Protein chains: 2
Amino acid sequence: MARRPTVTSVQIAREAGVAQSTVSRVLNGGSVAPETKRRVLEVVAKYDFQPSQAARSLVGARSGLIGVVIRDLTNPFYPVMVKAVERVLHERGLRLSLVTDVMSAEEGLALLRREGVDGVVFTSALEGEPLAHRTTDHGIPVVLCHRTLEGFPADQVEADNVTAGELAARHLLGLGHRRIAMVRGVAGASTAQQRGLAFRREVGGAGGVTLTEIDGAYDYSTAYEAVRTLLASSEPPTALFCHNDVMAYAALNAAAAAGVPVPAELSVVGCDDVSLSAWERIDLTTVRQPLERIAQVGVELLLDRLDDPDLPHRHEVLPVEFVERSTTAPPA
Amino acid sequence: MARRPTVTSVQIAREAGVAQSTVSRVLNGGSVAPETKRRVLEVVAKYDFQPSQAARSLVGARSGLIGVVIRDLTNPFYPVMVKAVERVLHERGLRLSLVTDVMSAEEGLALLRREGVDGVVFTSALEGEPLAHRTTDHGIPVVLCHRTLEGFPADQVEADNVTAGELAARHLLGLGHRRIAMVRGVAGASTAQQRGLAFRREVGGAGGVTLTEIDGAYDYSTAYEAVRTLLASSEPPTALFCHNDVMAYAALNAAAAAGVPVPAELSVVGCDDVSLSAWERIDLTTVRQPLERIAQVGVELLLDRLDDPDLPHRHEVLPVEFVERSTTAPPA
DNA sequence: CTGAAAGCGCTTACAG
DNA sequence: CTGAAAGCGCTTACAG
């Protein structure tokens, strides 16, 4: 297919009566005489000239592209994250290159390398999955955002998931629950590990409490099935802590399907506080994570590192907040 | 910032003992002797060589990038669309460049031009907003997907929104409602126009029915406020047709907040059938749009056009389906 | 089948 | 302050 004719800096230069390099300098802020600058900008405006990103990134320096790895876009958690990331990048004149689960991690990395991204924001890092490591091996700066990896040599930001697990446990214990279940997130995710460990520890410390654990994989359908089975058991729990809000929604719906009234016979606590959770029809008790702030800090850590690769690695932990709504109550 | 060392085709060529152009031919499928090919691929594998997209798109032909304009990612409708679009593009070895509402339409177009996208999928086209026109003016192939523009010289795909409006109207009229309200989507959106017109016509034809119209802008908060006000009026409607599911959720929640039982005192019909609508806690009566199919057909129309720019414009209208759930009932 | 060469549209030293 | 020139990493005719 033939390339359609596009205005180039050479043509701008010719029409403005200057050298092509002068056009470049005008656009990138080199020293140019005011009158020359005016003349060039006039021609630039006339054609609404847009310099080719391909040429620009080929010639060196930076591509202006930041890879953003978000596996499951359909979890309502992530679009908020994309938006926050995109906002910060846009303020700095950068573009985002999205990698989702339509491709394998392997393919994603290959693409990011071909595109020559300046750095990568990982939001879905998994223990034992070497993608983040392989990315740094290629010399690409990385930030772990939301989910972290212990001892990983890069900047990291996450919510205080330990406190999140504790707050959930204390709330349910405080209401008097003694038969509790935990719907776990993806096994290799730091969020699930930290929330799980803290919740388990706190519940174990209480004594005389039964804790059942089931896998929800941070996924609606998986959690729905798991909770359905759980509720059908001979001695179902009176309270549920779900490692994220989406699984809590699944629990609420599975309970509704099973005719188990919430919170009368089943209390449900989530984690995230996605906007849906505040809906009257849902009104989920949950632990709020500063989602947009996590995204923002993540991008900023990465951009700081691009400016200065020798900065020591930083690891930020942002505070969470318990949000009591109407899905929890004392056991019947 | 210094460019980190990356393996290039020149180095691959040197190590394989061939010319750089031979490496290129091996990778792009030119005629190469089997033994030569084997040797080159071996070195390519050894370094996991990834050819620079910047260089590739600079030198001509295509950039392999498709722009996708989706304004509101937080409407759960759109992530599904992104996913479907991305899946098809990925199958064809293409990448997506996302434009959302973090930037103005103007800025979005400038970016797409700089990136040299091969084509653009518009999902949020608006009457009177010249972005799609300006894109085609730049010679960039365009497809209008989901929302269309009357007489626009490009391929278009949409759901049968006229039938959607009719089905919603007939359902509510059939239940016996005589005081009905319609929560409209964004004024310039074809979806809102078509659904609105059809619903209005059908209701008008029934006779003796009061139809109130309010603006919801396809936005949760806007619709929530509008419905709240409506329900507080002296003679509130007994049924609501919302131009999309998100506004229907807002209506359900506003009704809950106002203590108006659904469907006993208020019936609510949405449009889209996003996955949330099937949740037990929501269980929304709505009109299903073949969302993924719309995305898929849209991308395919665009890709066909890239292969053959002289194809006549096609305009596909995909069937909708009424989905009766529990938010509608006869008036009290 | 294979190599040498041109050129895509820029940025960046380097002269002047 | 400004221009001429090199070069980024590829693809694509063009020879042989």
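Please read all numbers here as calculations on a predicted model, not as lab measurements. Order of the sequence lines fixes the chain letters, A, B, ..., with proteins taken first and strands second; residue numbering starts at 1 for each chain.
E316(B) meets the salt bridge (charged side-chain N to carboxylate O under 4.0 Å, His left out) test with no other residue; sequence neighbours excluded. Take F49(B) and apply the ring-ring contact (aromatic ring centres under 6.0 Å, His included) test, not counting sequence neighbours, and it matches no residue. Take K83(B) and apply the salt bridge (charged side-chain N to carboxylate O under 4.0 Å, His left out) test, not counting sequence neighbours, and it matches D101(A). Residues passing the side chain to side chain contact (heavy atoms under 4.5 Å, CB included) test with R114(B) are Q50(A), P51(A), Q53(A), L111(B), sequence neighbours excluded.
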Per-nucleotide protein contact string for nucleotides 10-16 of chain D (B base, S sugar-phosphate only, - none; heavy atom under 4.0 Å): BBBB---
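Separating the CD atom of E35(A) from the C1' atom of dC1(D) is a distance of 13 Å, rounded to the nearest angstrom. R114(A) places its CZ atom 14 Å from the C1' atom of dG9(D), with the value rounded to the nearest Å. Between R39(B) atom CZ and dG3(C) atom C1' the separation is 14 Å, expressed in whole Å. The interatomic distance linking R14(B) (CZ) with dA4(C) (P) rounds to 13 Å, in whole Å.
The ring pair (Phe, Tyr, Trp, His ring centres under 6.0 Å) analysis of residues 51-83 of chain A, with sequence neighbours excluded, yields the pairs F77(A)-H146(A). Residue pairs that meet the salt bridge (charged side-chain N to carboxylate O under 4.0 Å, His left out) test with at least one member in residues 43-61 of chain B, sequence neighbours left out, are R113(A)-D48(B), R134(A)-D48(B), E15(B)-K46(B). Pairs passing the ring pair (Phe, Tyr, Trp, His ring centres under 6.0 Å) check and including a residue from residues 82-124 of chain A, sequence neighbours excluded, do not occur.
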With Watson-Crick and G-U wobble geometry limited to distances under 3.5 Å, how should the secondary structure of DNA chain C be encoded in dot-bracket form, using | for bases paired to another strand and [ ] for crossing pairs? |||.||||||||.|||
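Proximity of a side-chain donor or acceptor of T191(B) to a complementary backbone N or O of R147(B) within less than 3.5 Å is not detected.
Considering only the side chain of T22(A), dT2(D) comes nearest among dT2(D), dA4(C), dC1(D).
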